[in-house]
Every structure is written in structure tokens, then in C-alpha cells.
Amino acid sequence: MKIDILTLFPDMCRSVFMESITGRAVKAGLIEINAVNIRDYSADKRGRVDDTPYGGGPGMIIKCQPVFDCFEAVCGKNGSRPHLIYMSPKGKTLNQEKVKELSKLDSIAILCGHYEGIDQRVIDEIVDEEISIGDFVVTGGEIPALLLTDAVARMIPGVLSSDESFENESFFDGLLEYPQYTKPFSWNNIEVPEILVSGDHGKIDKWKKEKAVEITKKRRPDLFEKKFGGGGE
């Protein structure tokens, strides 16, 4: 899979996606991630990419031309048009189902806004969908784009040690994850649940499922309702 991040701050992105599990996956050739500098495509002789908003208001707006030309360059380099996502608080909230859906595509591009946003005309012209990471606003789209990149990358076969690494995690099957424990068996006079050291894998699996349901019902009743329709198991 290939992911292109269209950004005003490419180094900010590279410093993150070349580290940890995602970085190892890139080096192993399992996924390709590029940070493309929108400023490189500015037609302004001083390299400006923004201007004041029509109708007044605070801040600056990123202009159509550099964004459009940047995306056209990505399409040309790829030899095809990637699915373009704009990270925006006006988009649909990201969830695991969307992550799984995106991970099945051959290529995606992620557009990062900054300042007071991007000229709506280029959004309408080239963006396929807008995605939000939650009901709050951050300074720019780079952190949301990296979050989406990480979530999608770890779904690519071979990136994690096994499918089980993500299949047991929160949200994968609509539930929050069960509690996890490691050595020592007793810490601060608190012991690991006996069932986990029983060696009975059938009972352990049953315990994990019950705990996942219990935690989801308590902490995210919206997910519980979606999963069970309010009827429990």
C-alpha cells in the first residue's frame, strides 16, 4: 500500500512515520509512506501558499493552486489517482470500520489543512472524503493524518507479527479490549486473575470475551448498544 501525506510540514510527518512499527514496515517494503510538501508547488515567486479570506475573518486560508498542483503531481508520480482524504473537524469521525475499509485500498493520499483551512473550491474539486479524529480542533492536519496513517498501516498484512495482534484490540470487533496483565504475578499485593494462569484456554477465551463485553457496556454504552442492541450477549 502507498500513502502520500500532502502537508506544509513534511519533516514533522517523516519524524513520526519512520519510527517504531510503522518505520520498520516502511524499511521492510510492506508499505510506502511519503510526505509531500505543498509549498513546493506554489506558483507564487515567494513560495506563499495562503492568503486572506474573502468576507473577512481571522487568519489565512490555503489557496487552491498549490494544493491542486501538489495532488496532480502525486497522481502523476503514482501513475493513478489515489483516494484523497482531507483531515477536517467537519468530516465523519474516524472509527475502526473506516480504518479497515481504507486498508484494503492500493493507495490513499491525505491532505493536511493548516491556518484557518483550505479554499473550499479545491476541496470540492479533488477531495473524496473528509475525516475527523474527534469533536475538537487541533492546530493542523498533520497529527490527525499521522494518526490515520498509523491506524491504516498496522492493518496491512505483515506489519504486525500476526493478525491476532490487532484482532483482539479495542474496536476491531465492536468491543473494547479485555484487561491485560504480565509478570510478576503479584504486584503491590494485587494478583493477576487466577483464570489467566489456569492453562485452560477455553475458559481463558470465555473470560476475555466476558470482560470485553463488561467493559464496553460500562464505558461505551453506545458501542454496546450497536453490538448487541441492548440485549447483552
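Along the sequence shown, residues carry numbers from 1. The basis for the numbers below is simple: all heavy atoms, side chains too, and nothing from hydrogens, waters or symmetry mates.
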>> For Trp187 and Val192: C-alpha separation, side-chain torsions, deciding distance, then whether side-chain contact (heavy atoms from CB on, under 4.5 Å) applies.
In response: CA-CA 9 Å; Trp187 174 81; Val192 173; over 6 Å; no
> What pairs with Asn189 under side chain to side chain donor-acceptor pair (under 3.5 Å), at least two apart in sequence or on another chain?
Replying inline: none
> About how many Å separate CD1 of Ile5 and OG1 of Thr149, when rounded to the nearest 0.5 Å?
Replying inline: 3.5 Å
> Heavy atoms, side chains only, cut-off 4.5 Å: are Gln96 and Met155 in contact?
Replying inline: yes
> Which pair of non-hydrogen atoms, one from Gly57 and one from Pro53, has the smallest distance, and what is that distance?
Replying inline: O-CG, 3.7 Å
> Shortest non-hydrogen contact from Leu105 to Ile108?
Replying inline: CD1-CG2, 3.7 Å
>> Testing the basics here: between Tyr181 and Leu196, what is the closest heavy-atom pair and its distance to 0.1 Å?
In response: CD1-CD1, 3.5 Å
>> Before you tell me yes or no, could you show the steps for Asp4 and Ser107 under side-chain contact (heavy atoms from CB on, under 4.5 Å), namely the whole-Å CA-CA distance, both residues' side-chain angles and the distance that decides it to 0.1 Å?
In response: CA-CA 8 Å; Asp4 289 291; Ser107 63; 5.9 Å; no
> Which pairs, with at least one residue in residues 122-137 and sequence neighbours excluded, count as a side-chain hydrogen bond (donor to acceptor under 3.5 Å, both in side chains)?
Replying inline: Arg81-Asp128, His83-Glu129, Ser88-Glu130, Lys98-Glu129, Gln120-Asp124
> Considering residues at least two apart in sequence or located in another chain, which fulfil the side chain to side chain contact (heavy atoms under 4.5 Å, CB included) criterion with Tyr54?
Replying inline: none
>> For Thr7, give me all partners under side chain to side chain donor-acceptor pair (under 3.5 Å), at least two apart in sequence or on another chain.
In response: Glu142
>> Under the side-chain hydrogen bond (donor to acceptor under 3.5 Å, both in side chains) definition, can you give me all pairs with a residue in residues 43-52, not counting sequence neighbours?
In response: none
> Is there a path from Ile38 to Tyr86 through hydrophobic residues (I, L, V, M, F, W, Y) whose side chains come within less than 4.5 Å of each other?
Replying inline: yes
> Mind checking what makes side chain to side chain contact (heavy atoms under 4.5 Å, CB included) contact with Lys77, not counting sequence neighbours?
Replying inline: none
>> Holding to side chain to side chain contact (heavy atoms under 4.5 Å, CB included), I want the full list of residues that pass it with Asp200, two or more places apart in sequence or in another chain.
In response: Ser198, Lys203
> Is any side-chain heavy atom of Arg219 closer than 4.5 Å to a side-chain heavy atom of Leu176?
Replying inline: yes
> Hey, does the side chain of Ser42 reach the backbone of Arg39 with a donor-acceptor pair shorter than 3.5 angstrom?
Replying inline: no
> To the nearest 0.5 Å, what is the distance between CG (Leu6) and OH (Tyr41)?
Replying inline: 8.5 Å
>> Do Ile85 and Met12 land in one hydrophobic cluster if side-chain heavy atoms of ILVMFWY residues count as linked below 4.5 Å?
In response: no
>> Quick check: is Ile133 connected to Phe17 through a chain of hydrophobic side chains (ILVMFWY, heavy atoms under 4.5 Å apart)?
In response: yes
> Is there a donor-acceptor pair closer than 3.5 Å between any side-chain N or O of Asn95 and the backbone N or O of Glu97?
Replying inline: yes
>> Ignoring hydrogens, what is the shortest heavy-atom contact between Ala212 and Leu175? Give both atom names and the distance.
In response: CB-CD1, 4.2 Å
>> On a heavy-atom basis, which atom in Ile118 and which in Cys112 lie closest, and how many Å separate them?
In response: CD1-O, 4.2 Å
> So which pairs with a foot in residues 178-192 pass salt bridge (charged side-chain N to carboxylate O under 4.0 Å, His left out), sequence neighbours left out?
Replying inline: none
> Between CD1 of Ile156 and CD1 of Ile3, what distance do you get to the nearest 0.5 Å?
Replying inline: 7.0 Å
> Given the rule that I, L, V, M, F, W and Y join up when any side-chain heavy atoms are under 4.5 Å apart, are Val36 and Val16 in one cluster?
Replying inline: no
>> So, taking the atom named CG in Asp69 and the one named CG in Asp40, what distance separates them when rounded to the nearest 0.5 Å?
In response: 12.0 Å
> Any chain of hydrophobic side-chain contacts (each under 4.5 Å) joining Ile190 to Ile215?
Replying inline: no
> Got a sec, which residues hit side chain to side chain contact (heavy atoms under 4.5 Å, CB included) with Lys211, two or more places apart in sequence or on another chain?
Replying inline: Tyr178, Pro179, Trp207, Glu214
>> Contact between Phe68 and Lys63 at the side-chain level, heavy atoms closer than 4.5 Å - yes or no?
In response: no
> Can Leu84 and Ile126 be said to form a side-chain contact (heavy atoms from CB on, under 4.5 Å), step by step?
Replying inline: CA-CA 7 Å; Leu84 181 59; Ile126 64 175; 3.6 Å; yes
>> Quick one, Ile204 with Lys208, criterion side-chain contact (heavy atoms from CB on, under 4.5 Å). Give me CA distance, side-chain angles, the key distance, then yes/no.
In response: CA-CA 6 Å; Ile204 291 172; Lys208 288 178 177 179; 3.7 Å; yes
> Which residue pairs pass the ring-ring contact (aromatic ring centres under 6.0 Å, His included) test with at least one member in residues 97-127, sequence neighbours excluded?
Replying inline: Phe9-His114
>> For Lys217, is the NZ atom crowded, meaning more than 12 foreign heavy atoms sit under 6.0 Å from it?
In response: no
>> Return the CD1 to CG distance between Ile62 and Leu111, rounded to the nearest 0.5 Å.
In response: 7.5 Å
>> My understanding is that only residues two or more places apart in sequence, or in another chain, count here; which of them pass side chain to side chain donor-acceptor pair (under 3.5 Å) with Lys92?
In response: none
>> Can you give me the closest heavy-atom contact between Val152 and Ser103, atom names plus distance?
In response: CG1-CA, 3.8 Å
Pairs of donor and acceptor atoms involving the side chains of residues 19-33, under 3.5 Å and at least two apart or interchain, shall be tabulated with distances.
| residue | atom | partner | partner atom | Å |
| --- | --- | --- | --- | --- |
| Thr22 | OG1 | Asp150 | OD1 | 3.2 |
| Glu32 | OE2 | Asn34 | ND2 | 3.0 |

